[in-house]
Amino acid sequence: MTERKPHGTTFETWIERQIRVAQERGDFEDLDGLGRPLPGAGEPHDELWWVRGYVDREGLSREALLPTPLQLRKEAERLRGEVRQLPSEQAVRDAAAELNRRILAWLRTPTGPQVPLGLVQVEELVADWRDQRARARATAPAAPVRAEPLGGRWQRITRFLRGTSRFPAGRG
């Protein structure tokens with residue numbers, strides 16, 4: 001239960017008295033973090049410290065805090081590097097079309113800071129994807145060709161034709 005400030009005492013002396021009485025009772029013994037520096041001590045004041053702390057604790061990307069046009073611009077930059085993992089030209093076109101759809105939606109009703117933002121050039125992206133694939137094929141080691149005696153292949157074929165083998169020729 002908290003005491004009321006006695007009449008005639010200054011506020012500072014009353015607070016100092018409360019702290020002294022709590023120290024005498026041992027209220028400040030064995031507190032969590034005892035002897036460790038306060039987090040953020042010595043750093044410049046940040047109004048959004050709690051938002052950044054929440055994002056860090058939850059393991060989220062800080063990119064989610066950016067305004068929409070900056071998020072879209074970062075996605076467009078990242079897309080150039082990500083297309084090399086896409087399996088087909090159509091997948092590259094679909095990824096670019098999806099990003100362009102979101103960019104157009106923002107351009108129609110812009111919110112936040114006015115950041116210059118253009119559409120992703122689909123044909124350039126596809127051409128880059130083709131070049132990357134061609135370079136990867138040129139530098140990849142050739143698969144070794146398994147030499148098999150002619151007799152083994154014919155034996156498998158005849159077993160398959162007779163119905164004594166479950167696998168077609170060339171599969172085992």
Side-chain angles (χ1 to χ4, degrees), residues 32-33 35-172:
D32 288 340
R36 285 184 261 148
L38 295 173
E43 294 178 7
H45 176 68
D46 182 12
E47 293 177 358
L48 297 176
W49 63 269
W50 61 275
V51 174
R52 287 182 179 78
Y54 176 77
V55 167
D56 290 342
R57 274 193 315 277
E58 297 298 320
L60 303 172
S61 168
R62 287 195 176 185
E63 192 172 302
L65 302 176
L66 291 175
T68 304
L70 293 177
Q71 287 178 9
L72 292 170
R73 181 184 269 184
K74 281 187 163 280
E75 283 185 53
E77 290 170 3
R78 254 196 328 263
L79 186 61
R80 287 215 177 273
E82 291 175 352
V83 295
R84 72 176 56 126
Q85 283 94 21
L86 295 177
S88 67
E89 184 177 317
Q90 187 59 45
V92 173
R93 290 181 186 280
D94 291 344
E98 170 59 24
L99 182 57
N100 279 342
R101 183 192 61 75
R102 294 193 351 242
I103 290 172
L104 279 173
W106 181 81
L107 288 172
R108 286 185 184 120
T109 57
T111 57
Q114 298 301 313
V115 176
L117 184 62
L119 296 175
V120 174
Q121 300 301 318
V122 178
E123 294 307 318
E124 286 179 21
L125 199 61
V126 169
D128 288 346
W129 178 82
R130 286 182 189 145
D131 290 344
Q132 290 172 359
R133 299 285 281 208
R135 272 187 259 124
R137 275 192 224 113
T139 59
V145 177
R146 189 175 137 216
E148 184 176 349
L150 188 59
R153 184 175 294 154
W154 281 109
Q155 287 174 352
R156 281 201 323 266
I157 292 171
T158 55
R159 274 186 288 175
F160 175 74
L161 292 173
R162 278 189 260 147
T164 58
S165 172
R166 294 181 295 154
F167 303 104
R171 286 206 170 173

Task: Residues forming a salt bridge (Lys or Arg N to Asp or Glu O under 4.0 Å) with D46, sequence neighbours excluded - done: R52
Could you tabulate the donor-acceptor pairs under 3.5 Å formed by side-chain atoms of residues 105-114, not counting sequence neighbours?
{"unit_1": "W106", "atom_1": "NE1", "unit_2": "T111", "atom_2": "O", "d": "3.1"}
{"unit_1": "T109", "atom_1": "OG1", "unit_2": "A105", "atom_2": "O", "d": "3.4"}

- [ ] Could you pull out all residues at least two apart from D56 that satisfy salt bridge (Lys or Arg N to Asp or Glu O under 4.0 Å)?
- [x] R62
- [ ] Please identify each residue that fulfils side chain to side chain donor-acceptor pair (under 3.5 Å) with E75, with sequence neighbours left out.
- [x] R102
Open item on the list: With a 3.5 Å distance limit and no angle check, can you tell me whether W129 reaches the backbone of E124 through a side-chain donor-acceptor pair?
Closed with: no
Open item on the list: Tell me if a side-chain donor or acceptor on N100 pairs with a main-chain N or O of V120 at a distance below 3.5 Å.
Closed with: yes
TODO: Just jot down the side chain to side chain contact (heavy atoms under 4.5 Å, CB included) partners of S88, sequence neighbours excluded, or say none.
DONE: Q90, A91
TODO: Could you list the residues that satisfy side chain to side chain donor-acceptor pair (under 3.5 Å) with R101, not counting sequence neighbours?
DONE: E98
Open item on the list: Checking R135 now: which residues fulfil salt bridge (Lys or Arg N to Asp or Glu O under 4.0 Å) with it, not counting sequence neighbours?
Closed with: none
Task: Any donor-acceptor N/O pair, R73 side chain to P116 backbone, under 3.5 Å - done: yes
- [ ] Working to the nearest 0.5 Å, report the span between CG of L72 and CG of L66.
- [x] 10.5 Å
Open item on the list: Applying side chain to side chain contact (heavy atoms under 4.5 Å, CB included), can you list everything that pairs with E58, at least two apart in sequence or on another chain?
Closed with: Y54, L60
- [ ] For E123, check salt bridge (Lys or Arg N to Asp or Glu O under 4.0 Å) against everything at least two apart and list the hits.
- [x] R93
Enumerate donor-acceptor pairs with a distance under 3.5 Å from any side-chain N or O in residues 76-84 to protein atoms, sequence neighbours excluded.
{"unit_1": "R78", "atom_1": "NH1", "unit_2": "E63", "atom_2": "OE1", "d": "2.9"}
{"unit_1": "R78", "atom_1": "NH1", "unit_2": "E63", "atom_2": "OE2", "d": "3.3"}
{"unit_1": "R78", "atom_1": "NH2", "unit_2": "E63", "atom_2": "OE2", "d": "3.3"}
{"unit_1": "R80", "atom_1": "NH1", "unit_2": "D128", "atom_2": "OD2", "d": "2.8"}

